[in-house]
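Given the structure is predicted, the values throughout are model-derived calculations rather than measurements. Residues: numbered from 1 along the sequence shown. Counting starts at 1 for both ligands and their atoms, in listed order.
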Amino acid sequence: MNKTRKLIIAGNWKMNKTVAEAQDMVRRLKIDLGTIKDVDMVICPPFTALAEVSKAIIDTTIRLGAQNMSENNFGAHTGEIAAGMLKEFSVRYVILGHSERRQFQKETNELICKKAHAAHAASLKPIICVGETLEEREAGKTQKVIETQVVGCLKNLNGGQVMEAILAYEPVWAIGTGKTATPDQAQDVHAYIRALVAQLYDETVAQHVRIQYGGSVKPGNARELMELPDVDGALVGGASLDERSFADIIKNSI
Ligand code: PEP
């Protein structure tokens, strides 16, 4: 697939897989995907598996991501993990503001923005998630919701930082539901986000920033989504837990 921006496909394993299961998955992913260079491939295991997965992918083109981090660098924050701690395991990406964290941990755009600043300060690339609920879409509020999230999460980040970041459009109604946004729905919102970035920064930043789509991406729909002009990759949940389907999503996207 010939696109100006390199595709980035990330697997979010969420709260799944023991260390042994993670090692087994990586062993099989390496055989299937270990040398692919046309797509940036990222896996985001739970914190407990980062150390072993980091060792296992050392000689491959697969990169490591975390699913969350603290906005603080150290100190009295029980249960939190700092960016510098992730760096110890060669983590390069960190998912921020996933809709599950927005919903269940009540993460706000302001908090996500603080985390994005902390990620950049530690040279981690944030994958910043935005997306509307079904209720918001049906009320015609999709663009307004996305605008508030993008503006809030990017506040005071400079153009260079935004170009390094990845934005992930994940309609909440499509996550884990088997309902995928239609290509038209996805392209509309991706184009809207890119136009918004151009308005907030400039055209160069907007043309550089990669915008992933997330929401029930599977081997069967990956290609039509990845071919859309403003879709630059995928954030994959459920289908990233199975070696075969994650590998096929990547292979079908090349
Ligand atoms: C996600 O949780 O980011 C996600 C996109 O999940 P799924 O692929 O299972 O819809």
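- Defined by atom type and a distance below 3.5 Å, a donor-acceptor pair is missing between the side-chain atoms of K114 and N72.
- If you number the atoms of ligand 1 from 1 as listed, the ones under 4.0 Å from a heavy atom of G176 come out as 7 (P), 9 (O), 10 (O).
- At most 12 heavy atoms of other shown residues, nucleotides or ligands fall within 6.0 angstrom of atom NE2 in H208.
- In this structure, D59 pairs ionically with K30, as a charged nitrogen and a carboxylate oxygen lie closer than 4.0 Å.
- From the protein, the heavy atom lying nearest to atom 2 (O) of ligand 1 is K14 NZ, 2.5 Å.
- No N or O atom of T177 sits closer than 3.5 Å to an N or O atom of ligand 1.
- The contact set between ligand 1 and I175, taken as ligand atoms under 4.0 Å from a residue heavy atom, comprises 1 (C), 2 (O), 4 (C), 6 (O), 10 (O).
- Proximity of A174 to ligand 1 is established by a heavy-atom distance of less than 4.0 Å.
- The protein heavy-atom contact nearest to atom 3 (O) of ligand 1 is E170 OE2, 2.7 Å.
- When hydrogens are left out, the protein atom nearest atom 1 (C) of ligand 1 is H98 NE2, 3.2 Å; that is the closest non-hydrogen contact.
- Residues E132 and Y169 bring a donor and an acceptor atom of their side chains to less than 3.5 Å of each other.
- Contacts between A239 and ligand 1 below 4.0 angstrom, taking non-hydrogen atoms only, are absent altogether.
- Using a 4.0 Å cut-off between charged side-chain N and carboxylate O, E107 and R102 make no salt bridge.
- Side-chain N/O atoms of Q67 and W13 include no donor and acceptor closer than 3.5 Å.
- Below 4.0 Å from some heavy atom of G215 lie the following atoms of ligand 1, by number and element: 5 (C), 10 (O).
- Atoms of ligand 1 found under 4.0 Å from any heavy atom of G238 (numbered from 1 in listed order, with element): 7 (P), 8 (O), 9 (O).
- Looking only at atom types and distance, the side chain of R5 has a donor-acceptor partner in the side chain of Q207 under 3.5 Å away.
- Counting heavy atoms only, G237 comes closest to atom 4 (C) of ligand 1 of the residues C129, S99, G237.
- Side-chain contact check for Q149 and N109: no donor-acceptor pair (N or O, by modelled atom type) lies under 3.5 Å.
- Taking every non-hydrogen atom of L235 and a distance limit under 4.0 Å, the qualifying atoms of ligand 1 come out as 5 (C).
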